[in-house]
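So that the names make sense, note that chain A is the first sequence line, chain B the second, and so on, each numbered from 1.
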2 protein chains.
Amino acid sequence: MTTMTEAAALPLNRVLPGDCIEVMATLPEASVDLIFADPPYNLQLRGDLRRPDNSRVDGVDDAWDSFASFDAYDRFTRQWLSAARRLLKPDGAIWVIGSYHNIFRVGAALQDQGFWILNDVVWRKTNPMPNFRGKRLTNAHETMIWAGRDQAAKYTFNYDALKALNDGVQMRSDWTLPICTGHERLRDEDGDKAHPTQKPQSLLHRVLVGSTNPGDVVLDPFFGTGTTGAVAKMLGRDFIGIERDEGYRRAAEARLADVRRFDATALQVTTGKRAEPRVPFGQLVERGMLRPGETLTGPRGQTARIRADGTLVADRITGSIHQVGAALDGAPSCNGWTYWSFQREGQRVPIDILRQQIRAELA
Amino acid sequence: MTTMTEAAALPLNRVLPGDCIEVMATLPEASVDLIFADPPYNLQLRGDLRRPDNSRVDGVDDAWDSFASFDAYDRFTRQWLSAARRLLKPDGAIWVIGSYHNIFRVGAALQDQGFWILNDVVWRKTNPMPNFRGKRLTNAHETMIWAGRDQAAKYTFNYDALKALNDGVQMRSDWTLPICTGHERLRDEDGDKAHPTQKPQSLLHRVLVGSTNPGDVVLDPFFGTGTTGAVAKMLGRDFIGIERDEGYRRAAEARLADVRRFDATALQVTTGKRAEPRVPFGQLVERGMLRPGETLTGPRGQTARIRADGTLVADRITGSIHQVGAALDGAPSCNGWTYWSFQREGQRVPIDILRQQIRAELA
DNA sequence: TCTCCTTTTGAATCGACGA
DNA sequence: CTCGTCGATTCAAAAGGAG
């Protein structure tokens, strides 16, 4: 959906160096379909933490996670969110992940800037770090906020694909997934973890399958070691990464070079009836699949006759298949396609069968 | 822990009428051990919502949940929080429950006022209302914030009691509990629900066991129909309720009169048996155990390829592992978990092996 | 009383498109 | 803009009723 000029101006599938607020300011507005952001959590750790066996926990103590006050953190948040919002297309959306240290401030800032929250999603970790001191509950989840650019945004939501991913029941707002460990966890030459808060690919897989389409542009302003880019590449989405730390950038670039894109068939995803072309009921009459004068039957024996223009008459009611069905049932609305049947060889046949025939021809 | 004079001044185990901000101002400072608050969520619903069968959803349209703007909601939040904080003893703590509509604003206000967040706790509903229009994820959880009066507060945390409640492993920050239905749900003379958002006793049971001791004073400034009071009474804690709606107050008082101390009802609902967790096939794909594009093999050499949403494609058939297996065999049904295998190092491996791996992690 | 099936219901920010 | 029309969309529990 990008024009040539936009596409030319966008540095796709690269990791841009620098501070994300400054770099985002250089990119063209309304050019990005989705933003996934994993900003610093502002953890406020005091001293170091030791396990019961006295070994030291390797916590997040990097300078980039340190802010002088809530106020400073809020200023930072509002700046990067504002820059990010400028880059979103009108129907774009954003995901932000955080913990209780920062997510309330991020959520309030999103609302204040006009983003429209669609869901908050809980990532339940199957294998969280235990609470070694027994002073609080095990912090076993993180929170993601999914928001449209504004209330009017017609955001992408692949409902049927996520439903398929969840064994045929609609996807819920709590996602149970393991943290990033094992081979997936990037390590430096010394065997230490390359990034303290590397997110699992499974998390990004679900986000991108659910809220983007192949060919969409996904921006990650806190790219880190590039989980967003890796999954985007696998799924045939374009990405833009921004990362100011050279070490993380190098790790991400090495990682991305090894990623293969899934083939076209694998990228296809379950779609529902919404994606199908519309078929006017009148077309069934025009094509002679149903004849004017023929009688249709409703679910409880209601009858109506077809007129030459594809409207129905029942009793004193006239109108579309939907309107007559709704009127007969005293219902506020009705899907005429699933309401009415016709007779063929003594059998009741739903009219939706005929619509499916036409759609099959169109495919 | 209360002195004689404080105890004398406190209206214990009663439901006080009136606006909570005004009523709290009349109570003595530093007199309460714990506050549990379920403030209005500011839902901002538009129009009515119908189920696919055309029945109408009885949503929250009460005047008390309506605010003119985020700004108005913030002012309200800061006022009641500030009044509540004055009432807390130095080592007191607060719980606030909310949804994505309001919880970010509440969380930020808590931090701004000097409360110190201890955990955010996710209430995962076993039986949430589905998303009827298929436009978002099922909103299947609510969020609670647990915070000390300030960073120095030596808050109460009954670590071992919660660990015992959780089958001997540390209590996590995600709690899986059913919503309030059935006999527990209070109804008026007409059989309608007495309160639109009654919380389950199991939730309060866990909160009060974990963060109060017998004899503590628990304040609920948005008392509603009195779940907090009922569970407090059962558990031998004192409570103070504030509720401005007379109908809710009467329902709460009738309810409380029937509650006996040490009633085991709440305990029973808290500990439920766990069934074997369902593992969607899609999770094997998300987690990279199987790749999109990879080929699965059936018992007699049938093949199908995996797509990014966890569905299979074989010939012209698309669907779940079960559906495609059944279609290829011309069978009415099929257990895809035992039907399909994948290749690893030249060997055929049943996909069920991978499901067992995931279940082992969850156990 | 027990089983089986049907009905009801729950804190919900729940369209798209053309005229 | 608004307005009218098309037509897509639900899961787990518990209550209630039939046999």
Side-chain angles (χ1 to χ4, degrees), chain A residues 91 111 115-120 147-148 151-155 157 159-160 163 166-173 271-276 278-282 310-311 319-323 325-326 331-340 352 355, chain B residues 38-62 64-67 70 97-103 123 125-143 178-185 187 191-193 195-200 222 224 269 272 275 278:
Chain A
D91 290 336
Q111 292 179 311
F115 287 99
W116 192 247
I117 298 184
L118 301 167
N119 280 113
D120 59 334
Q151 192 172 355
K154 295 192 189 106
Y155 55 93
F157 181 48
Y159 173 77
D160 295 284
K163 188 172 173 178
N166 196 34
D167 257 11
V169 294
Q170 46 177 225
M171 187 69 79
R172 298 167 37 119
S173 56
T271 56
K273 287 185 187 170
R274 282 191 182 96
E276 306 270 315
R278 289 207 172 182
V279 177
F281 175 73
T311 56
S320 70
I321 52 172
H322 316 292
Q323 290 168 329
S333 69
C334 166
N335 183 344
W337 289 108
T338 54
Y339 188 90
W340 297 106
D352 205 28
R355 181 171 66 161
Chain B
D38 182 10
Y41 288 9
N42 189 22
L43 286 188
Q44 308 163 51
L45 305 181
R46 295 173 298 177
D48 64 347
L49 177 65
R50 286 174 181 275
R51 300 188 180 81
D53 67 2
N54 258 331
S55 63
R56 206 175 71 80
V57 174
D58 184 16
V60 178
D61 55 358
D62 306 76
W64 52 253
D65 196 52
S66 180
F67 292 82
F70 282 133
I97 184 166
S99 67
Y100 66 84
H101 310 83
N102 71 323
I103 199 65
W123 170 27
K125 304 178 183 183
T126 58
N127 48 350
M129 188 162 73
N131 187 293
F132 295 117
R133 304 294 295 264
K135 303 309 286 185
R136 303 188 179 185
L137 302 166
T138 306
N139 196 358
H141 75 275
E142 294 185 27
T143 301
I179 61 176
C180 183
T181 58
H183 294 116
E184 191 185 321
R185 188 92 197 203
R187 306 204 166 264
D192 299 326
K193 51 192 178 191
H195 192 284
T197 70
Q198 185 181 340
K199 296 294 176 288
F222 305 96
V269 273
R278 185 176 55 88

> At less than 4.0 Å, is any side-chain N or O atom of B:His141 found next to OP1 or OP2 of C:dA11? Yes or no.
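No, outside the criterion.
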> May I ask you to verify if any side-chain N or O of B:Arg133 is less than 4.0 angstrom from the OP1 or OP2 atom of D:dA8?
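No, B:Arg133 has no side-chain N/O under 4.0 Å of OP1/OP2 on D:dA8.
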> Whole-Å distance between D:dA8 C1' and A:Gln170 CD?
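Computing the A:Gln170:CD to D:dA8:C1' distance gives 13 Å.
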> Would you kindly check whether a donor in the side chain of B:Lys199 faces an acceptor in the base of C:dA11, or vice versa, at under 3.5 angstrom?
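Answer yes: a donor N or O sits under 3.5 Å from an acceptor.
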> Salt-bridge test for B:Lys125 and B:Glu142: reply yes if a basic N is under 4.0 Å from a carboxylate O, no otherwise.
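Yes, charged N to carboxylate O under 4.0 Å.
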> Can you check whether A:Arg355 has a side-chain N or O nearer than 4.0 Å to OP1 or OP2 of D:dA8?
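True: A:Arg355 side-chain N/O within range (under 4.0 Å) of D:dA8 OP1/OP2.
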> Round to the nearest Å and state the distance from B:Arg136 atom CZ to D:dA8 atom P.
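Rounded to whole Å, this separation is 21 Å.
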> Once you apply a heavy-atom cut-off of 4.0 Å, does A:Gly336 come out as touching a base, just sugar-phosphate, or nothing?
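If one applies the 4.0 Å heavy-atom cut-off, A:Gly336 turns out to touch nothing in the nucleic acid.
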> Classify the nucleic acid contact of A:Ser320 as base, sugar-phosphate or nothing, counting any heavy atom under 4.0 Å across all strands shown.
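If one applies the 4.0 Å heavy-atom cut-off, A:Ser320 turns out to touch the sugar-phosphate alone, with no base involved.
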> Go through DNA chain C and write down every stem, that is, every run of at least three consecutive Watson-Crick or G-U wobble pairs with distances under 3.5 Å, as range with range.
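Output for stems: C:2-10 with D:11-19, C:15-19 with D:2-6.
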> Can the ring centroids of A:Trp116 and B:His101 be said to lie less than 6.0 angstrom from one another?
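No.
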> So is the aromatic ring of B:Tyr100 stacked onto the base of C:dT13, judging by whether the centres are under 5.5 Å apart and the planes are under 30° apart?
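Stack criterion not met.
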> Of the nucleotides D:dC11, C:dC14, D:dG7, which one has an atom closest to the side chain of A:Arg278?
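The answer is D:dG7, which lies nearest to the side chain.
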> Mind checking the C1' distance from C:dA12 to D:dC6? Whole angstroms is fine.
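Straight-line distance between the two C1' atoms is 23 Å.
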> Can you check the B:Asp61 CG to C:dG10 P distance for me, whole Å?
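Distance, rounded to whole Å: 13 Å.
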> Just call it for B:Asn139: base, sugar-phosphate, or nothing, with non-hydrogen atoms closer than 4.0 Å on any strand.
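Sugar-phosphate, no base atom in range.
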> Taking only Lys NZ, Arg NE, NH1 and NH2, and the carboxylate oxygens of Asp or Glu, determine whether B:Asp192 and B:Arg187 approach each other closer than 4.0 Å.
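Judged by the 4.0 Å cut-off on N to carboxylate O distance, B:Asp192 and B:Arg187 do not form a salt bridge.
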> At under 4.0 Å between heavy atoms, what does A:Ile117 touch on the DNA or RNA strands: base, sugar-phosphate, or nothing?
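Result for A:Ile117 = base.
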> Quickly work out the B:Asp192 CG to C:dT8 C1' distance and round it to whole Å.
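Those two atoms, CG and C1', are 13 Å apart.
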> Out of C:dA12, C:dC14, C:dA11, which nucleotide sits closest to the side chain of B:Ile179?
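Output: C:dA11.
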> Select base, sugar-phosphate, or nothing to describe what B:Cys180 touches, counting heavy atoms under 4.0 Å on all strands.
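No contact at all - B:Cys180 keeps every heavy atom at 4.0 Å or more from the nucleic acid.
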> How far, in whole Å, is D:dT9 from C:dA11 if one measures between their P atoms?
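These two P atoms come out 25 Å apart once rounded.
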> Distance check needed: D:dT9 P versus A:Phe157 CZ, whole Å only.
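Between P of D:dT9 and CZ of A:Phe157: 12 Å.
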> Would you classify A:Lys163 as touching base, sugar-phosphate or nothing, given that sugar-phosphate means primed atoms plus P, OP1 and OP2, and contacts are heavy atoms under 4.0 Å?
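Sugar-phosphate: the residue A:Lys163, judged by heavy atoms under 4.0 Å, touches backbone atoms but no base.
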> Provide, to the nearest angstrom, the distance between the CH2 atom belonging to A:Trp340 and the P atom belonging to D:dC6.
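Roughly 14 Å, once rounded to whole Å.
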> Counting side-chain heavy atoms from CB outward, which of D:dA14, C:dT13, C:dA11 is closest to B:Leu45?
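Nearest to the side chain of B:Leu45 among the choices is C:dT13.
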> OH/B:Tyr100 to OH/B:Tyr41 distance, rounded to the nearest 0.5 angstrom?
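Here the interatomic distance stands at 12.5 Å.
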> C:dT9, OP1 or OP2 - any side-chain N/O from B:Lys193 closer than 4.0 Å?
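No, B:Lys193 has no side-chain N/O under 4.0 Å of OP1/OP2 on C:dT9.
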> With sugar-phosphate meaning primed atoms plus P, OP1 and OP2, does B:Pro39 contact a base, only sugar-phosphate, or nothing at under 4.0 Å between heavy atoms?
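Counting heavy atoms under 4.0 Å across all strands, the contact made by B:Pro39 includes a base.
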> Round to the nearest Å and state the distance from B:Phe132 atom CZ to C:dT8 atom P.
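Going from CZ in B:Phe132 over to P in C:dT8 covers 14 Å.
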> Since syn is defined as within 90° of 0, does C:dT13 count as syn or as anti?
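For C:dT13, whose glycosidic angle is within 90° of 0, the conformation is syn.
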> State which residue, out of B:Asn102, B:Thr197, B:Asp65, fulfils the side-chain contact (heavy atoms from CB on, under 4.5 Å) condition with B:Leu43.
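Going through the options one by one, the only one that passes is B:Asp65.
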> With rounding to whole Å, what would you report as the distance between C:dT8 and D:dT10 at their C1' atoms?
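Approximately 13 Å lies between the C1' atom of C:dT8 and that of D:dT10.
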> Under 4.0 Å between any heavy atoms, over every strand shown, what does A:Asn119 touch: base, sugar-phosphate, or nothing? Just pick one.
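No contact.
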> For the pair B:Leu49 and B:Arg56, evaluate side-chain contact (heavy atoms from CB on, under 4.5 Å) and give the outcome as yes or no after the intermediate values.
CA-CA 6 Å; B:Leu49 177 65; B:Arg56 206 175 71 80; over 6 Å; no
> If you measure from the P atom in C:dG10 to the same atom in D:dG7, how many Å do you get, rounded?
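After rounding to an integer number of Å, I get 32 Å for this pair.
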> Hey, mind stepping through B:Gln44 and A:Gln151 against side-chain contact (heavy atoms from CB on, under 4.5 Å) and telling me if it holds?
CA-CA 12 Å; B:Gln44 308 163 51; A:Gln151 192 172 355; over 6 Å; no
> Does B:Asn127 place a side-chain N or O at less than 4.0 Å from the phosphate oxygens OP1/OP2 of D:dC11?
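No.
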> By nearest heavy atom, map B:Asn131 and B:Asp58 onto DNA chain C; which one lands nearer the 5' end?
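So the residue in question is B:Asp58.
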> Taking for each residue the nucleotide of DNA chain D bearing the nearest heavy atom, is the 5' side occupied by B:Gly134 or by B:Thr126?
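With B:Gly134 and B:Thr126 compared, the 5'-side residue is B:Gly134.
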> Expressed as a whole number of angstroms, how long is the span from B:Asn102:CG to C:dT13:P?
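It works out to 12 Å between those atoms.
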> Please name the pair of heavy atoms, one in B:Arg50 and one in B:Asn54, separated by the smallest distance, quoted to 0.1 Å.
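Heavy atoms only, the tightest pair is NH1-O, 2.7 Å.
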> Taking all non-hydrogen atoms of both residues, which atom of A:Val279 and which atom of A:Trp337 are closest, and how far apart?
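So the minimum-distance heavy-atom pair works out to O-CZ2, 3.1 Å.
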> Would you indicate, yes or no, if D:dG7 has its OP1 or OP2 atom less than 4.0 angstrom from a side-chain nitrogen or oxygen of A:His322?
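Indeed, a polar side-chain atom of A:His322 lies that close.
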> Are side-chain N/O atoms of B:Ser55 and B:Arg51 paired as donor and acceptor at under 3.5 Å?
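Looking only at side-chain atoms, B:Arg51 and B:Ser55 do form a donor-acceptor pair, the distance falling under 3.5 Å.
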> When you measure from the side-chain N and O atoms of A:Tyr159 to the phosphate of D:dT10, is any distance below 4.0 Å, counting only OP1 and OP2?
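The answer is yes; a side-chain N or O of A:Tyr159 sits under 4.0 Å from OP1 or OP2.
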> Using a cut-off of 4.0 Å on non-hydrogen atoms, how would the nucleic acid contact of A:Pro280 be classed: base, sugar-phosphate, or nothing?
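If one applies the 4.0 Å heavy-atom cut-off, A:Pro280 turns out to touch nothing in the nucleic acid.
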> How far does the C1' atom of C:dT1 sit from the matching atom of D:dG16, given to the nearest Å?
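Looking at atom C1' only, C:dT1 and D:dG16 are 16 Å apart.
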> Salt bridge or not between A:Arg274 and A:Asp160? Use side-chain N to carboxylate O under 4.0 Å.
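Here A:Arg274 does not pair with A:Asp160 in a salt bridge, since their nearest N and O are not under 4.0 Å apart.
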> Which of these nucleotides, D:dA15, C:dC14, C:dT13, is closest to any side-chain atom of B:His183?
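Ranking D:dA15, C:dC14, C:dT13 by closest atom to the B:His183 side chain puts D:dA15 first.
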> Taking the side chain of A:Asn335 as heavy atoms from C-beta outward, which of D:dA8, C:dC14, D:dA15 is closest to it?
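Shortest atom-to-atom distance from the side chain points to D:dA8.
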> Nearest nucleotide by nearest heavy atom, which residue falls closer to the 5' end of DNA chain D, B:Gly182 or A:Arg274?
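The residue closer to the strand's 5' end, by nearest nucleotide, is A:Arg274.
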> Please give the distance between the P atoms of C:dG18 and D:dA8 as a whole number of Å.
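Result for the P pair: 16 Å, nearest Å.
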> Applying a 4.0 Å non-hydrogen cut-off, can you work out what A:Gln323 is touching in the nucleic acid: base, sugar-phosphate, or nothing?
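A:Gln323: backbone/sugar contact only, no base atoms under 4.0 Å.
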> Which one, D:dA13, C:dT13, C:dA11, comes nearest to the side chain of B:Arg185?
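Nearest nucleotide to the side chain: C:dA11.
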